[in-house]
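Since we're looking at a predicted model, the values are computed, not measured. By convention in this document, chain letters (A, B, ...) are assigned in the order of the sequence lines, proteins followed by strands, and residues within each chain are numbered from 1. These numbers come from the heavy atoms of this one structure, side chains and all, not from hydrogens, waters or symmetry mates.
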There are 2 protein chains.
Amino acid sequence: MTAANAQGCGYPHMTSTPKPRYQQLKEQIISRISSGDLRPLDRVPSEHELVGSTGVSRMTANRALRELTDEGYVERVAGVGTFVADLKAASHLLEVRNIADEIQMRGHEHRASVIDLESRPVAPDIADLLHVSAGSRVNHVFLVHFENDIPIQVEDRYVTIDFATDFLDQNFQNVTPSAYLSLIAPLQEAEHVVRAKMPSARIRRLLKMRAKEPCLVVTRRTWVSARPVSFARLFHPGTRFELAGRYRPPGIANSHPQDSNIVELRNFDR
Amino acid sequence: MTAANAQGCGYPHMTSTPKPRYQQLKEQIISRISSGDLRPLDRVPSEHELVGSTGVSRMTANRALRELTDEGYVERVAGVGTFVADLKAASHLLEVRNIADEIQMRGHEHRASVIDLESRPVAPDIADLLHVSAGSRVNHVFLVHFENDIPIQVEDRYVTIDFATDFLDQNFQNVTPSAYLSLIAPLQEAEHVVRAKMPSARIRRLLKMRAKEPCLVVTRRTWVSARPVSFARLFHPGTRFELAGRYRPPGIANSHPQDSNIVELRNFDR
DNA sequence: TGGAATAACCTGTATAGACAACCTCTTGCG
DNA sequence: CGCAAGAGGTTGTCTATACAGGTTATTCCA
């Protein structure tokens with residue numbers, strides 16, 4: 001490409017300046033990842049190939065891919081190529097990690113016991129949170145997570161019907177609801193609230209908690225394409241669980257580019 | 001600059017390849033900010049000036065400043081210049097924000113009542129957390145924060161002696177300990193742990209909590225130049241406070257580049 | 001057959017030059 | 001005096017080119 005660019009689109013006097021080309025390239029690649037066209041560990045077109053297919057210069061393609069690297073979408077290896085990153089690392093930066101993964105990372109055994117799995121009319125407060133009309137049906141699962149046969153989390157989750165049509169066919173023994181949801185579509189936005197609360201009698205019994213022991217309650221709401229699709233309440237015994245986070249500002253230490261800022265739920269058994 | 005660069009330093013066969021020039025430039029500017037040579041809202045040399053003073057090309061200077069923008073160190077305005085960012089935005093991304101700021105943002109009045117302010121021999125567990133020898137002296141402050149005269153946080157903080165020499169001369173009525181610490185030196189690393197816990201009788205009395213009401217306890221440890229300098233325990237009434245966080249992956253929506261991923265302590269008065 | 005040289009990729013960095021858009025201050029005209 | 005035009009500095013983007021260094025597969029020689 002030699003000329004007739006820089007303003008792109010060809011139309012003079014467009015209302016607003018068009019997006020920069022490196023940004024267009026980034027969004028094009030992100031959408032290929034989101035749509036499943038490019039899957040984790042798949043090869044992404046090389047800079048040279050992008051030059052050939054889109055007509056940008058190599059520096060522009062390089063900027064697009066470099067920024068996607070910084071943002072965790074892809075990983076690059078000099079001499080080899082560019083590959084779609086495992087989305088876990090990227091999406092769960094500030095996300096409380098999947099409880100099964102946490103347990104496995106501690107070398108323990110995870111087990112889940114499903115108590116309820118149904119579609120049912122939704123309560124008004126939760127209808128509001130999921131942006132559905134009150135009284136309409138939503139999928140619901142209620143289960144207990146065990147670490148080495150000790151109950152550690154009660155999960156009370158609501159998922160919109162149209163997002164997860166085969167929700168009721170899952171058994172959620174091996175694949176947690178959280179993992180199932182991120183299989184269907186990559187999470188695009190998340191909101192958490194952490195509270196300290198005394199458990200109801202039912203929760204207390206399920207978690208085998210002593211009397212007067214508070215719960216650490218995490219509520220999590222996740223979005224896909226600008227719509228809330230899931231709302232979950234996660235209850236943990238307060239004397240055994242804590243939420244830990246670490247923060248280091250970027251730019252200086254290039255040693256652990258991603259791993260650094262994580263929030264995780266820890267079992268500090270005492 | 002025309003030649004004799006690219007490898008920099010002049011020495012052939014250096015053990016490892018030298019850092020890239022844009023990275024050197026970034027670190028140079030970061031250190032000028034950290035040292036206080038450049039203060040918030042100060043003007044940072046323009047790309048053209050950096051070309052003149054350091055000999056890099058404008059694209060290299062541009063990359064350095066652009067990445068510093070992404071990382072929150074500086075802010076740029078087309079046609080005007082580059083300025084050191086208010087460090088609040090950069091450093092407190094994942095940090096629980098200063099309680100006084102939170103209260104002010106809600107349009108309420110903040111007041112602090114200092115109960116203890118002294119230097120005293122440190123308990124073994126806290127000595128361990130601050131990497132000082134057990135029994136040595138550390139600064140200690142114990143105070144209650146009020147929002148519109150309602151107690152909302154008990155702060156129990158320990159600070160190493162050599163880091164804050166004039167700690168005992170502060171009154172901590174208007175400037176919170178957290179704000180005081182970030183005035184002395186920009187925070188470089190932080191660690192938080194969130195727990196649900198029943199309060200001691202003393203904490204319960206100070207926070208005017210009902211019986212059987214749990215506390216949301218945040219413990220925070222902060223580092224400066226790779227050394228832990230402060231350890232704080234923050235107690236909040238569980239029925240009135242929650243910790244909220246939001247996460248959106250970067251790269252798509254450029255609308256709120258920084259503001260997006262925040263953890264804040266909220267008062268949900270009921 | 002074994003192993004070294006080589007070619008053909010890839011990413012990472014750096015440069016020089018160009019144009020657009022934006023902001024501020026000055027200058028000069030009415 | 002008021003306001004418009006312009007100059008000059010600033011960021012934002014894009015291109016074309018170059019070289020260094022890493023990885024992989026092939027080729028060719030001993």
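The number of heavy atoms from other shown groups lying within 6.0 Å of NE2 (A:His131) is above 12.
Rounded to an integer number of Å, the gap from CZ of A:Arg21 to C1' of D:dT13 is 11 Å. Look at NZ on A:Lys26: it is 14 Å from P on D:dG12, rounded to the nearest Å. We find that CG of B:Asp70 is positioned 13 Å from C1' of D:dG12, with the value rounded to whole Å. Protein atom CZ of B:Phe83 is 11 Å distant from nucleotide atom C1' of C:dC23, rounded to whole Å. With rounding to whole Å, B:Leu68 atom CG is found 13 Å from D:dT11 atom P.
Close to C:dT13, at under 4.0 Å from its OP1 or OP2, lies a side-chain N or O of B:Tyr22.
Less than 4.0 Å separates DNA chain C from at least one heavy atom of each of the following residues of residues 57-67 of chain A: A:Arg58, A:Met59, A:Asn62.
Using a 4.0 Å cut-off between a side-chain N of Lys or Arg and a carboxylate O of Asp or Glu, A:Arg58 and A:Glu49 do not qualify as a salt bridge. Salt bridge present: A:Glu27 and A:Lys19 bring a charged side-chain N and a carboxylate O closer than 4.0 Å. Salt bridge present: A:Lys26 and A:Glu67 bring a charged side-chain N and a carboxylate O closer than 4.0 Å.
A distance of 8.0 Å separates OG1 in A:Thr60 from CG in A:Leu25, rounded to the nearest 0.5 Å.
The side-chain hydrogen bond (donor to acceptor under 3.5 Å, both in side chains) test applied to A:Arg76 returns A:Glu47, A:Thr82, not counting sequence neighbours. Applying the salt bridge (Lys or Arg N to Asp or Glu O under 4.0 Å) test to A:Glu155 and every residue at least two apart in sequence or in another chain returns A:Arg157.
Because its NZ or CZ atom is not both nearer than 6.0 Å to the ring centre of A:Phe231 and within 45° of the ring axis, A:Arg221 does not count as a cation-pi partner of that residue.
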Check nucleotides 8-10 of chain D for protein N or O atoms closer than 3.5 Å to its own N or O atoms and list the pairs.
| from | atom 1 | to | atom 2 | distance (Å) |
| --- | --- | --- | --- | --- |
| D:dG9 | N2 | B:Gly79 | O | 3.1 |
| D:dT10 | OP1 | B:Arg43 | NH2 | 3.4 |
| D:dT10 | O2 | B:Gly79 | N | 3.1 |

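Pairs engaging residues 36-46 of chain B under the side-chain hydrogen bond (donor to acceptor under 3.5 Å, both in side chains) rule: B:Arg32-B:Asp37 [sequence neighbours left out].
In this structure the side chain of A:Val224 reaches within 4.5 angstrom of the side chain of A:Phe163, judged on heavy atoms.
Of the candidates B:Arg106, B:Arg111, B:Gln153, B:Glu147 forms a side-chain hydrogen bond (donor to acceptor under 3.5 Å, both in side chains) with just one, namely B:Arg106.
Between the axis at the start and the axis at the end of the helix from C:dT1-D:dA30 to C:dG30-D:dC1 there is an angle of 10°, using five pairs per end and rounding to 10 degrees.
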